[in-house]
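The following block contains the structure, expressed as structure tokens.
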Amino acid sequence: MGRIALVREVSDSIVRCELTHLDRTPIDVARARAQHAEYCAALRAAGCEVVEVPALHDQPDAVFVEDCAVVLDEIAVITRPGAASRRAEVESVAEALARFRPLARIVDPGTLDGGDVLRVGRTLFVGETPRSNATGIAQLRALLAPHGYAVVAVPVKGCLHLKTGVSQVGGALRSGVAEVAPGVLLINPEWVDPAPFAGYELIEVDPAEPMAANALRVGDAVVFPESYARTAQRLAARGIVPRLVPADELGKAEGGVTCCSVVFEG
Ligand code: CIR
């Protein structure tokens, strides 16, 4: 089987989404759905089979499937999201993933959002945020140690998730090759301290675009919001030409491009 991208339709109730750092502004649900469709098209163009998990219209944030699972080659870890309002999202994602991987779970009192987990090779950097607590991070470490993954906790200040502030845009593609091909990371150093990422090549977002550090790497492609043109130019200058998608409507719900899919080899 090839590369799979799990996605979920934008809920009717998205206007009641969780918000942490943004003020509530009206969300045009039809426009959010149209942009989501373009996002799915970009995933297909990047070689993914797009698999939809069932819509959950009473769960406002259900489109952000990334937060429900961390999928590695060996195992899928079903999370326990930090926002209590989001916990009912995980079962349908677990059911979809059970076809592909053995499942493990983060359990009470642990919390973990997939948006806090950045995997580079066999290292998982995990944001310490109001969504992902020390117990959840310790549970993840214990679940993954037998598979040879290191879990490194990283402080995050000023943004929702670790991957709001840093994501991978180049370098090691598959677990196991990190040592020979270090990652290239896109980072907002105002929100995430670059120190834990010494050894990787870092590209900083344009200071006028603080939200631009969230890019989605799919194979060799990088899916990136079209509204962050200055940072896109920085990527292009480094030889990384992103596939641009409109993403500003779900941006009002504090969602970025990584949040809307769980990508893995099927
Ligand atoms: C939330 O606050 O949970 C949603 N409104 C946004 C989640 C975005 N997910 C992500 O960055 N992985």
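What's counted below: heavy atoms across the whole structure, side chains too, no hydrogens, waters or symmetry copies.
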* Tell me whether Ile4 is reachable from Leu103 by hopping between hydrophobic residues (I, L, V, M, F, W, Y) whose side-chain heavy atoms are closer than 4.5 Å. =>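 Yes, because Leu103 and Ile4 connect within a single hydrophobic cluster, where side-chain heavy atoms sit under 4.5 Å apart.
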* To do: Under 4.5 Å between side-chain heavy atoms, chaining through other members, with only Ile, Leu, Val, Met, Phe, Trp and Tyr counted: pull out the rest of the cluster around Val107, sorted by chain and number.
  =>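 Besides Val107, the hydrophobic cluster comprises nothing; the residue is isolated.
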* Do you see a donor-acceptor pair shorter than 3.5 Å between the side chains of Glu18 and Ser85? ->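 Side chains of Glu18 and Ser85: pair found under 3.5 Å.
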* Going by heavy atoms in the side chains, are Pro60 and Ile14 under 4.5 Å from each other? ->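 Side chain of Pro60 against side chain of Ile14, heavy atoms only: no contact under 4.5 Å found.
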* Under 4.0 Å between a Lys/Arg side-chain N and an Asp/Glu carboxylate O for Glu201 and Arg238? ->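 Yes.
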* Asked: Is there a donor in the side chain of Gln168 and an acceptor in the side chain of Tyr200, or the other way round, less than 3.5 Å apart?
  ->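 Their side chains do not contain a donor-acceptor pair, so the 3.5 Å distance test is not met.
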* Do the non-hydrogen side-chain atoms of Phe224 and Leu216 ever get within less than 4.5 Å of each other? ->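 In short, these two side chains do not touch, never coming nearer than 4.5 Å.
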* Asked: Side-chain contact, heavy-atom cut-off 4.5 Å: Arg80 with Val90?
  ->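 The answer is no; the side chains never approach within 4.5 Å.
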* To do: Please tell me if the side chains of Ser13 and Gln59 come closer than 4.5 Å, counting only heavy atoms from C-beta onward.
  =>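 No; the side chains remain at least 4.5 Å from each other.
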* To do: Run the numbers on Asn188 and Val166 for side chain to side chain contact (heavy atoms under 4.5 Å, CB included), then give the verdict.
  => CA-CA 6 Å; Asn188 177 343; Val166 59; over 6 Å; no
* **Over all atoms of both residues, closest heavy-atom pair of Ala96 and Val53** =>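 Heavy atoms of Ala96 and Val53 come nearest at CB-CG1, 3.5 Å.
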* Asked: When clusters are formed by joining ILVMFWY residues with side-chain heavy atoms under 4.5 Å apart, either directly or through shared neighbours, do Val63 and Val65 land in the same one?
  ->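 The answer is no; the residues belong to distinct hydrophobic clusters.
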* What heavy-atom pair brings Gly251 and Leu22 nearest, and what distance separates the two atoms? ->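 Shortest heavy-atom separation between Gly251 and Leu22 comes out as O-CD1, 3.3 Å.
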* **Which atom of Val120 lies closest to which atom of Gly183, heavy atoms considered** =>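 Of all heavy-atom pairs spanning Val120 and Gly183, the closest is CG1-CA, 4.2 Å.
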* Of Val70, Leu72, Ile106, the residue whose pairing with Leu143 passes side chain to side chain contact (heavy atoms under 4.5 Å, CB included) ->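 For Leu143, the side chain to side chain contact (heavy atoms under 4.5 Å, CB included) check succeeds only for Ile106.
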* Tell me, which pairs form a ring pair (Phe, Tyr, Trp, His ring centres under 6.0 Å) where one or both residues lie in residues 78-118, sequence neighbours left out? ->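 Output for this query lists Phe100-Phe264.
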* Group every Ile, Leu, Val, Met, Phe, Trp and Tyr by side-chain heavy-atom contacts under 4.5 Å, then state whether Val262 and Phe64 land in the same group. =>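 Shared cluster, no.
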* Side-chain contact test, heavy atoms from C-beta onward, threshold under 4.5 Å: evaluate it for Leu250 versus Cys260 and give yes or no. =>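 A side-chain contact under 4.5 Å exists here.
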* **Pair Lys163-Asp116, salt bridge (Lys or Arg N to Asp or Glu O under 4.0 Å): steps then yes or no** => CA-CA 6 Å; Lys163 275 187 287 188; Asp116 277 320; over 6 Å; no
* **Leu235 vs Leu186, side chain to side chain contact (heavy atoms under 4.5 Å, CB included): CA-CA, chis, key distance, verdict** => CA-CA 9 Å; Leu235 293 175; Leu186 179 62; 4.2 Å; yes
* Carboxylate-amine/guanidinium proximity below 4.0 Å for Arg119 and Glu66 ->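 Glu66 and Arg119: not salt-bridged.
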* Pair Val151-Ile137, side chain to side chain contact (heavy atoms under 4.5 Å, CB included): steps then yes or no -> CA-CA 8 Å; Val151 168; Ile137 296 171; 3.9 Å; yes
* Nearest-0.5 Å distance, CG of residue Leu118 to NE2 of residue His161 ->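 It is 13.0 Å, given to the nearest 0.5 Å.
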* Distance (rounded to the nearest 0.5 Å) between Lys157 NZ and Glu190 CD ->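 With rounding to 0.5 Å, NZ (Lys157) is 13.0 Å from CD (Glu190).
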* Do the side chains of Leu97 and Val71 get nearer than 4.5 Å, heavy atoms only? ->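 A side-chain contact under 4.5 Å exists here.
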* For the student: nearest non-hydrogen atoms of Leu162 and Thr129, plus distance ->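 Looking at all heavy atoms of both residues, the closest pair is N-CG2, 4.4 Å.
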* **Side-chain H-bond candidate by donor/acceptor type, Ser92 with Arg8, under 3.5 Å** =>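 Judged by distance alone, the side chains do pair up.
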* Should Met211 and Leu19 be counted in the same cluster of Ile, Leu, Val, Met, Phe, Trp and Tyr side chains packed under 4.5 Å apart? ->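 Looking at the clustering, Leu19 is in a separate group from Met211.
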* Quick one: which of Val154, Leu112, Val156 gives a side chain to side chain contact (heavy atoms under 4.5 Å, CB included) with Val126? ->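 Only match with Val126 under side chain to side chain contact (heavy atoms under 4.5 Å, CB included): Leu112.
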* Sort and list the pairs that fulfil side-chain hydrogen bond (donor to acceptor under 3.5 Å, both in side chains) and have at least one residue in residues 26-43, not counting sequence neighbours. =>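 Passing the test, one end in residues 26-43: Asp12-Arg33, Arg31-Asp248, Arg31-Glu249, Gln35-Asp248, Tyr39-Ser261.
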* With the side chain counted from C-beta on, respond yes when Arg101 and Ile75 share a heavy-atom pair under 4.5 Å apart, and no when they do not. =>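 They are not in contact (no side-chain heavy atoms under 4.5 Å apart), so the answer is no.
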* Apply the test salt bridge (Lys or Arg N to Asp or Glu O under 4.0 Å) to residues Arg122 and Glu74: give CA-CA distance (whole Å), side-chain angles for both, the deciding distance (0.1 Å), then the verdict. => CA-CA 12 Å; Arg122 295 194 86 81; Glu74 302 83 355; 3.0 Å; yes
* Cys17 SG to Arg24 CZ distance, which is reported to the nearest 0.5 Å ->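 The SG atom of Cys17 sits 5.0 Å away from the CZ atom of Arg24.
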* Closest approach of Val51 to Arg99 (non-hydrogen atoms, all atoms of both residues) ->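 Looking at all heavy atoms of both residues, the closest pair is CG1-NH2, 4.2 Å.
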* Using the side chain to side chain contact (heavy atoms under 4.5 Å, CB included) rule, take Tyr228 and Asp206 through it: C-alpha gap first, then chi angles, then the decisive distance, then the call. => CA-CA 9 Å; Tyr228 303 132; Asp206 187 285; over 6 Å; no
* To do: Kindly give the heavy-atom pair with the smallest separation between Glu226 and Pro246, and that separation in Å.
  =>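 Looking at all heavy atoms of both residues, the shortest contact is OE2-CB, 3.5 Å.
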* To do: Decide whether Leu124 and Val77 are clustered together by the hydrophobic rule: side chain heavy atoms of Ile, Leu, Val, Met, Phe, Trp, Tyr closer than 4.5 Å, transitively.
  =>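 The answer is yes; both residues are in one hydrophobic cluster.
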* Below 4.5 Å, heavy atoms only, C-beta onward: do Thr111 and Arg131 meet side chain to side chain? ->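 Not in contact.
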